[in-house]
Q: 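Attaching a single structure in structure tokens format; questions to follow.
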Amino acid sequence: MTAEITTEKARIGAPSIAGFTEEGEALVPAKVDHSHNHGVTVMSSRAERLTSFDVADFALPTGREEEWRFTPVRGLANLFSDVATDGEAAAVTVEAPEGFVRDSLAQGAAPRGTVLTPADRAAVVASANTDEALHVVIPADAEPAEPVRILVDGAGAGRRSNAHFVLEAGANSRSVVILEHTGAADHNGNLEVIVGDGAQLTVISVQLWDDNARHLGQHDAQVGKDAVYKHIAVSLGGSVVRLNSNVRFSGEGAEAELLGLYFADAGQHLEHRSFVDHNVANCKSNVLYKGALQGKNAHTVWVGDVLIQKQALGTDSYEKNQNLVLTDGCRADSVPNLEIETGLIEGAGHASSTGRFDDEHLFYLMARGIPEDVARRLVVRGFLNEIIQQIKVPALEERLTEEVERELAANEN
């Protein structure tokens, strides 16, 4: 029997996608430990994926790597090129109280590089080609009445843009920061976030690009003792958007919430990846991403990773992704991953669902005299509103609600 299985494996061939084994998905490549295991292959942790500030350490993606297997890499050569920003390819403006914007940070100037180390080709290229990083600091105990706004406006499709922003929330501060992307460009953007002890910080990253924009980004945060960090990603525009949102902790009692909303139209690729590294005891995390798709070749991707390390006793963590498919010809990929190294936790879990309209919901509304097209819009609006209402900035909530309505109207036309 064993010989027959071996022969069949030889006939079929080895798995063709890097990062996969016959047993299933491997989150990072296997490594060989020659010192203790006599050359036996052992699996690495998700936290041990390659990170580096050296562009040479990251080969050009082919689409066969685990990190890139869902992404249309063939059309992203410009974003992977190790080149400087094309003049003023994207204008950056900041709206913040006086004193919040500090001197820019050169490469190697702390706190730049203390939280975010590039984890893929796009991020390392952005880091290497941003000589001076924007540095925004919320002073300790500050509670600004209005959100801090960082506006990135692309100057034209195909124009290459690199950016690296460093955001610090001082101890016991209370603030909201909105990072908004509009216009068109080929934009690589890094965001490095330091949340001080006892601080409460909400970062809202809004992708309202034109249809011909492409955006690859990495957002990394470190959350201090008893601090609360909320990251909300809203992706509605752009031809290709791929955003990595990562969190780790530096003190007990910290909480992190990663939320996302996306709506993909025909030919649009919207990809979100999250990684919560529970490296400290007694911290909490919650991840919820919700998306809708409509039109031929609309494609969304969500990959969620949670690692609970051995020392992270008392961890309470949950992640969920939900997708609503509105028309034929769409594809939603959803991959939740949970790695637990200790059983002494409060709880951990994950869930994923992708489906069409709930016929019972539609029947309930239509039975009360609501036309079918209006009923469908009500269902979608209610589905996505769970994320929008978490923004807590009325003007932005209203604007995003209008954008969702435009997306729905486009499908009806």
Side-chain angles (χ1 to χ4, degrees), residues 19 27 49-51 58-81 90 116 118-127 129 152 154 157-158 160-165 179-182 184-192 203 205-220 231-247 258-265 267-275 287 289-291 293 297-305 321 323 330-337:
L27 295 178
R49 67 175 178 170
L50 174 64
T51 59
F58 295 91
L60 290 171
T62 65
R64 296 170 68 86
E65 306 85 357
E66 166 57 26
E67 283 287 322
W68 293 100
R69 66 188 178 99
F70 294 115
T71 312
V73 297
R74 291 184 180 179
L76 301 178
N78 191 33
L79 286 157
F80 296 141
S81 300
L116 188 152
D120 62 33
R121 175 77 181 193
V124 75
V125 163
S127 176
N129 289 283
V152 179
R160 176 58 184 280
S161 167
N162 301 291
H164 190 108
F165 305 142
L179 173 59
E180 182 174 335
H181 305 88
T182 58
D186 281 355
H187 180 70
N188 284 334
N190 294 338
L191 176 65
E192 190 165 3
V203 172
S205 181
V206 182
Q207 288 64 246
L208 292 177
W209 295 105
D210 293 345
D211 291 342
N212 50 3
R214 297 180 293 186
H215 175 192
L216 306 180
Q218 179 176 329
H219 294 183
D220 280 23
H231 182 280
I232 305 176
V234 180
S235 297
L236 301 176
S239 173
V240 176
V241 173
R242 183 182 192 266
L243 188 62
N244 284 280
S245 303
N246 310 303
V247 175
L258 303 182
L259 306 175
L261 179 157
Y262 47 88
F263 200 136
D265 289 316
Q268 193 174 23
H269 178 94
L270 302 178
E271 181 170 345
H272 297 83
R273 292 171 175 258
S274 63
F275 175 40
V287 179
Y289 278 71
K290 305 185 77 168
L293 304 85
N297 295 326
H299 187 198
T300 65
V301 178
W302 175 82
V303 179
D305 292 295
N321 176 230
N323 298 289
C330 304
R331 173 179 169 181
D333 288 296
S334 181
V335 185
N337 300 301

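Computed from a prediction, not measured in an experiment: that's the story for all the values here.
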Q: Using side chain to side chain donor-acceptor pair (under 3.5 Å) as the criterion, point out the one residue from R214, H299, R331 that pairs with H269.
A: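 Testing each of R214, H299, R331 against H269, the sole residue satisfying side chain to side chain donor-acceptor pair (under 3.5 Å) is H299.
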Q: With the side chain counted from C-beta on, respond yes when T300 and Y289 share a heavy-atom pair under 4.5 Å apart, and no when they do not.
A: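 Heavy-atom side-chain distance check fails, nothing below 4.5 Å.
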Q: Can you name the nearest heavy-atom pair linking R160 to L79, along with the distance?
A: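 Shortest heavy-atom separation between R160 and L79 comes out as NH2-O, 3.6 Å.
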Q: Quick one, Q268 and Y262 - any side-chain contact, counting heavy atoms below 4.5 Å?
A: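 No, too far: nothing below the 4.5 Å cut-off.
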Q: Quick check: closest heavy atoms across A119 and T51, and the distance to 0.1 Å?
A: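 Minimum heavy-atom separation between A119 and T51: CB-CG2, 4.0 Å.
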Q: From R121 CZ over to E67 CD, what is the distance, rounded to the nearest 0.5 angstrom?
A: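 Result: 15.0 Å between the selected atoms.
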Q: How far apart are the closest heavy atoms of A184 and N212, and which atoms are they?
A: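 Answer, listing the atom of A184 first, then N212: CB-OD1, 3.3 Å.
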Q: Could you tell me the separation between the CG atom of L191 and the CG atom of N244, rounded to the nearest 0.5 Å?
A: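 Going from the CG atom of L191 to the CG atom of N244 covers 12.5 Å.
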Q: Using 30° and 60° as the class limits, which term best fits the ring planes of H215 and H181: parallel, tilted or perpendicular?
A: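 H215 and H181: tilted rings.
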Q: What's the separation between atom OG in S239 and atom CG in L270, rounded to the nearest 0.5 Å?
A: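 If we round to the nearest 0.5 Å, S239:OG and L270:CG are 9.0 Å apart.
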Q: Measure the shortest side-chain to side-chain distance between F70 and V335 over non-hydrogen atoms and say whether it is less than 4.5 angstrom.
A: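 Contact flag for F70/V335 side chains = yes.
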Q: With rounding to the nearest 0.5 angstrom, report the OG to CD1 distance, S205 to I232.
A: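 It comes to 10.5 Å.
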Q: What's the verdict on salt bridge (Lys or Arg N to Asp or Glu O under 4.0 Å) for R69 and D333, showing C-alpha distance, side-chain angles and the deciding distance?
A: CA-CA 11 Å; R69 66 188 178 99; D333 288 296; over 6 Å; no
Q: For the atom pair CG (N190) and CG (L216), what is the distance rounded to the nearest 0.5 Å?
A: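 So the CG of N190 and the CG of L216 are separated by 10.5 Å.
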Q: What's the separation between atom CZ in R273 and atom CG in L243, rounded to the nearest 0.5 Å?
A: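 Rounded to the nearest 0.5 Å, the CZ-CG separation comes out at 11.5 Å.
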Q: Are more than 12 heavy atoms, taken from residues, nucleotides or ligands other than N78, located less than 6.0 Å from that residue's CG atom?
A: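 Count over threshold, so yes.
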Q: I need the minimum non-hydrogen distance between A126 and N188, along with the two atoms involved.
A: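 Here A126 and N188 meet closest at CB-CB, 3.6 Å.
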Q: Does any N or O in the side chain of T71 come within less than 3.5 Å of the main-chain N or O of V73, such that one atom is a donor and the other an acceptor?
A: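 No.
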Q: Side chain of E271, backbone of V240: donor and acceptor closer than 3.5 Å?
A: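 No; judged by distance alone, with no hydrogens or angles, the pair does not exist.
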Q: For the residue pair D220 / Q218, report whether a side-chain donor-acceptor contact shorter than 3.5 Å exists.
A: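 A pair is found: one side chain offers a donor N or O, the other an acceptor, under 3.5 Å apart.
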Q: Between V125 and F58, does a side-chain contact (heavy atoms from CB on, under 4.5 Å) hold up when you go through it step by step?
A: CA-CA 9 Å; V125 163; F58 295 91; over 6 Å; no
Q: Identify the heavy atoms of L293 and A298 that sit nearest to each other, and give their distance.
A: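 Closest pair (atom of L293, atom of A298, distance): CD2-O, 3.8 Å.
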Q: Does the side chain of L258 reach to within under 4.5 Å of the side chain of H231, using non-hydrogen atoms?
A: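 When only atoms from C-beta onward are counted, H231 and L258 do touch, with a gap below 4.5 Å.
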Q: Give a yes or no on whether the backbone of A123 and the side-chain of D120 come within a donor-acceptor separation of less than 3.5 Å.
A: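 At least one qualifying donor-acceptor pair exists.
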Q: If we count only N and O atoms by modelled type, under 3.5 Å, do the side chains of N321 and N323 hold a donor and an acceptor together?
A: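 Their side chains do contain a donor-acceptor pair, which is all the 3.5 Å distance test asks for.
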Q: Determine, stepwise, if the pair L208 / V234 fulfils side-chain contact (heavy atoms from CB on, under 4.5 Å).
A: CA-CA 8 Å; L208 292 177; V234 180; 5.8 Å; no
Q: Looking at S235 and H272, what are the two nearest heavy atoms and their distance?
A: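 Closest approach of S235 to H272, heavy atoms only: OG-NE2, 2.8 Å.
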Q: Is there a donor-acceptor contact under 3.5 Å from the side chain of E180 to the main chain of V152?
A: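 No, because the side chain of E180 does not come within donor-acceptor range (under 3.5 Å) of the backbone of V152.
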